[in-house]
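What follows is one structure encoded as structure tokens, with my remarks underneath.
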Number of protein chains: 2
Amino acid sequence: MSEKRGNIPRIQDVAKMANVSTATVSRVLSFPDRVSEATREVVLQAIEKTGYTINHSARNLRKGGTGAILVLLPNLANSFFSRVLKGIEAVASGYGFNILIADSQFPPIDEATFGNLFNTNRIDGAIILDGNIPRSYFKRATRQKPQLVFACEWISDCAVTTFHIDNLAGAVMATDHLVGLGHRKIGHVTGPTNNILSQHRLAGFEQSLKKHNLPCPRDWKITGDFTIESGVKAARHWLALPKDNRPTALFCASDEMAFGLISELHQNAVKVPDDLSIIGFDDVEFAAHSIPALTTIHQPRRRIGEAAARALIHKIRDAEAPMPPQPVFELELVLRASTAPLPLC
Amino acid sequence: MSEKRGNIPRIQDVAKMANVSTATVSRVLSFPDRVSEATREVVLQAIEKTGYTINHSARNLRKGGTGAILVLLPNLANSFFSRVLKGIEAVASGYGFNILIADSQFPPIDEATFGNLFNTNRIDGAIILDGNIPRSYFKRATRQKPQLVFACEWISDCAVTTFHIDNLAGAVMATDHLVGLGHRKIGHVTGPTNNILSQHRLAGFEQSLKKHNLPCPRDWKITGDFTIESGVKAARHWLALPKDNRPTALFCASDEMAFGLISELHQNAVKVPDDLSIIGFDDVEFAAHSIPALTTIHQPRRRIGEAAARALIHKIRDAEAPMPPQPVFELELVLRASTAPLPLC
DNA sequence: TTGTACGCGTTATCAT
DNA sequence: ATGATAACGCGTACAA
């Protein structure tokens with residue numbers, strides 16, 4: 001009860017109560033092994049009694065770190081990312097790191113804001129889930145750069161560790177599925193053109209079609225941007241196509257777009273999957289409960305977040321140490337009700 | 001270019017370059033007014049040239065704060081909360097605060113973890129979005145308690161500022177809507193029994209029925225827990241009710257439950273709204289694009305988050321200052337396709 | 001194994 | 001208006 005200073009207990013108070021030096025208390029906290037059983041016991045009790053907890057500002061100042069990591073994601077309101085974030089949060093908080101969150105797309109982040117965030121004086125490292133941050137942002141940032149890891153998305157030709165699924169393979173799986181159902185006219189609703197995921201998924205789509213000797217006119221590749229709204233627009237695009245020559249199946253680069261698409265088609269009395277088969281990508285929560293339930297490609301969002309966080313913390317602790325091998329994230333085709341065999345007639 | 005120490009520029013480097021003392025540099029940063037126009041100019045240039053950025057650990061240590069706020073939410077993977085979080089993030093980062101995120105329900109937070117988080121040595125304040133944190137957790141926490149604000153949910157009889165909509169009024173709006181459509185047999189799918197929101201929404205539901213002299217048998221109040229899965233279960237409950245005496249309309253305490261409900265009904269060939277009208281609560285993203293589009297009560301999630309964050313920061317800056325008046329969050333009945341007039345036959 | 005003493009980078013206080 | 005300097009609380013050489 002005899003602490004100084006507004007009664008918030010400091011390491012000194014513990015030291016006094018335990019009749020040891022502050023150094024010993026510190027050691028008990030950081031390297032319990034370097035302290036004798038007996039004194040450790042006493043110190044631990046004193047900590048308990050005083051209610052002492054470490055002052056992170058002081059520790060970080062002393063150690064030259066911040067104890068914080070930045071998570072930069074395109075859109076916090078998107079449930080896909082919040083799942084990844086959950087994985088990150090779980091491991092980061094386990095290691096005692098704070099999380100700094102920032103949106104990069106809504107609204108778009110400018111260079112000044114980015115520089116302000118991506119700064120050794122604020123964070124020890126960053127997990128970036130947006131592959132469209134301009135390269136120049138990184139170059140101009142402070143000379144001393146925090147550790148960096150990409151997740152889900154990434155910047156090509158950039159020697160930075162990244163954690164993501166094999167998007168091309170996933171797109172092949174999805175397209176193969178449609179082909180397997182007998183569809184011959186297959187279209188694709190893409191993500192934003194400049195997005196790396198869009199590009200890989202488009203490539204997978206094209207690779208599958210080529211493998212099966214199937215054509216894909218320009219008109220059947222509809223540009224979207226991953227959002228529900230762009231799915232709605234894609235539906236209008238499809239509706240405007242000539243009835244005798246339009247896709248009987250569509251591969252959407254995101255579940256969200258598939259939802260928008262199906263919803264708008266429904267407004268126009270087009271039945272999924274009877275009139276048109278639709279497959280999505282991601283397997284968000286809602287895919288299992290939409291009407292019709294959405295066939296899609298599942299990716300382990302949470303595990304990706306966890307892996308990225310673990311790797312980043314590893315880097316922060318020892319920048320030189322070799323990275324542990326990157327896990328392979330398994331993909332899974334989840335069969336539900338939005339795809340069906342091509343009617344024979 | 002002549003900084004010491006691993007070339008990360010410190011306030012001293014700026015001071016030297018500008019030929020002033022460190023104190024002056026500090027003042028330029030914190031109280032520009034207390035410095036002459038001329039020197040301010042020089043210092044600003046020096047800051048620019050050196051690429052100096054503030055060291056938050058040092059500042060926080062000196063100031064006796066942490067620069068971080070905790071956001072404790074029931075489930076990060078729930079899109080309702082991620083929207084609120086977005087509002088919080090926007091204002092917190094604007095004021096230079098870091099955000100510490102933690103899940104309180106998945107998995108349930110234990111007292112030790114909570115105490116570890118809710119600690120003046122780690123955070124300056126907390127925004128709690130979970131009304132089911134046991135009171136004892138707060139009592140036992142460190143004597144020095146961080147500032148606290150509730151949002152969305154809250155603990156009753158607790159003299160803590162909270163930001164939330166009028167849930168009872170919202171429930172009345174929803175139920176009145178069903179009554180207005182001619183429904184006389186109206187049921188309710190509740191949230192978890194111990195949840196404050198569930199209780200208020202249930203109260204609103206009952207109040208509206210009473211006002212209209214409508215009965216509500218026990219069987220028509222179905223206990224859920226806000227999740228999609230509990231909506232599915234509610235559907236099975238409804239299906240098991242006698243066909244000649246079951247609700248023709250259902251008010252769901254969350255959109256998620258409404259989705260699960262509709263999805264499961266669809267599996268069983270029950271048509272919404274033809275066979276059963278359904279209204280939700282929250283107006284999450286997806287409500288506008290589900291099939292059928294969901295009639296629901298809209299609440300301004302992002303604004304709630306912003307208001308809570310602003311209030312908390314206000315408290316942190318000056319604990320004694322009177323709180324600004326709490327904004328009134330407007331509710332809105334959003335009419336879509338999941339509710340319809342009771343058929344006359 | 002333990003204690004002493006200094007420094008981490010900043011800001012508040014007190015001078016000037 | 002500006003400068004010198006003493007804290008802030010902790011970790012870690014180094015000495016004992």
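Lettering of chains follows the sequences in order, A, B, ..., and the numbering in each one begins at 1. Because only heavy atoms are used, hydrogens play no part in the values below, and waters and symmetry mates are left out as well, while side chains stay in.
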**Prompt:** Backbone N or O of A:His56 within a donor-acceptor pair of the A:Asn60 side chain at under 3.5 Å?
**Reply:** yes
**Asked** Are OP1 or OP2 of D:dT2 and a side-chain N or O of B:Ser21 less than 4.0 angstrom apart?
**Response** no
**Item:** Which nucleotide in D:dG3, C:dG9, D:dG9 has an atom nearest any side-chain atom of B:Val20
**Value:** D:dG3
**Prompt:** How long is the line joining NZ of A:Lys16 and C1' of D:dG9, in whole Å?
**Reply:** 13 Å
**Request:** Between A:Arg59 and B:Ala38, name the one whose nearest nucleotide on DNA chain D is closer to the 5' end.
**Result:** B:Ala38
**Message:** In this structure, how many angstroms lie between the P atom of C:dT10 and the CD1 atom of B:Ile47, rounded?
**Reply:** 10 Å
**Asked** OP1, OP2 of C:dT1 versus side-chain N and O of A:Ser36: anything below 4.0 Å?
**Response** no
**Message:** According to side chain to side chain donor-acceptor pair (under 3.5 Å), does anything in residues 154-165 of chain B pair up with another residue at least two apart or in another chain? List the pairs.
**Reply:** B:Thr161-B:Lys315, B:Thr162-B:His164
**Asked** To the nearest Å, how far apart are B:Asn19 CG and D:dA1 C1'?
**Response** 16 Å
**Message:** My understanding is that only residues two or more places apart in sequence, or in another chain, count here; which of them pass ring-ring contact (aromatic ring centres under 6.0 Å, His included) with A:Phe97?
**Reply:** none
Shorter than 3.5 Å, N or O on both sides, protein versus nucleotides 12-16 of chain C: list them out with atom names.
residue: C:dA12; atom: O4'; partner: B:Arg62; partner atom: NH2; Å: 3.4

**Asked** Who passes side chain to side chain contact (heavy atoms under 4.5 Å, CB included) against A:Asn132, sequence neighbours left out?
**Response** A:Gln105, A:Asp130, A:Asn194, A:Asn195
**Prompt:** Can you check the A:Arg10 CZ to D:dC8 C1' distance for me, whole Å?
**Reply:** 9 Å
**Asked** Whole-Å distance between D:dT12 P and A:Leu61 CG?
**Response** 13 Å
**Message:** Can you tell whether the side chains of B:Arg40 and B:Glu37 come within less than 4.0 Å, N to carboxylate O?
**Reply:** yes
**Asked** Looking at the side chain of B:Ile11, which of C:dT11, D:dC10, C:dT2 is the nearest nucleotide?
**Response** C:dT11
**Prompt:** Looking across every strand, which nucleic acid part, if any, lies under 4.0 Å from A:Thr39 by heavy atom: base, sugar-phosphate, or nothing?
**Reply:** sugar-phosphate
**Asked** Which of residues 312-321 of chain A sit near DNA chain C, with a heavy atom under 4.0 Å from it?
**Response** none
**Complete:** Atom CD of A:Glu37 and atom P of C:dT2 are separated, to the nearest Å, by 11 Å
**Message:** Over the length of the helix from C:dT1-D:dA16 to C:dT16-D:dA1, how much do the five-pair end axes diverge, rounded to 10 degrees?
**Reply:** 30°
**Message:** If I take atom CZ in residue B:Arg34 and atom P in nucleotide D:dG3, what distance separates them, rounded to the nearest angstrom?
**Reply:** 16 Å
**Message:** Going by salt bridge (charged side-chain N to carboxylate O under 4.0 Å, His left out), name the pairs with one or both residues in residues 55-69 of chain A, residues two or more places apart or in two chains.
**Reply:** none
**Request:** Sort and list the pairs that fulfil side chain to side chain donor-acceptor pair (under 3.5 Å) and have at least one residue in residues 70-79 of chain A, not counting sequence neighbours.
**Result:** A:Asn75-B:Lys86
**Asked** Excluding sequence neighbours, so at least two apart, what forms side chain to side chain contact (heavy atoms under 4.5 Å, CB included) with B:Glu320?
**Response** B:Asp318
**Asked** Quick one: A:Asn55 CG to D:dA7 P, roughly how many Å, whole number?
**Response** 18 Å
**Asked** What residue pairs, at least two apart or across chains, pass salt bridge (charged side-chain N to carboxylate O under 4.0 Å, His left out) with a residue in residues 87-97 of chain A?
**Response** none
**Request:** List in chain and number order the residues that pass ring-ring contact (aromatic ring centres under 6.0 Å, His included) with A:Tyr137, two or more places apart in sequence or in another chain; answer none if no residue qualifies.
**Result:** A:Phe114
**Request:** Keeping to residues at least two apart or across chains, list the salt bridge (charged side-chain N to carboxylate O under 4.0 Å, His left out) pairs with something in residues 112-123 of chain B.
**Result:** none
**Item:** Atom OH of B:Tyr95: over 12 foreign heavy atoms under 6.0 Å
**Value:** no
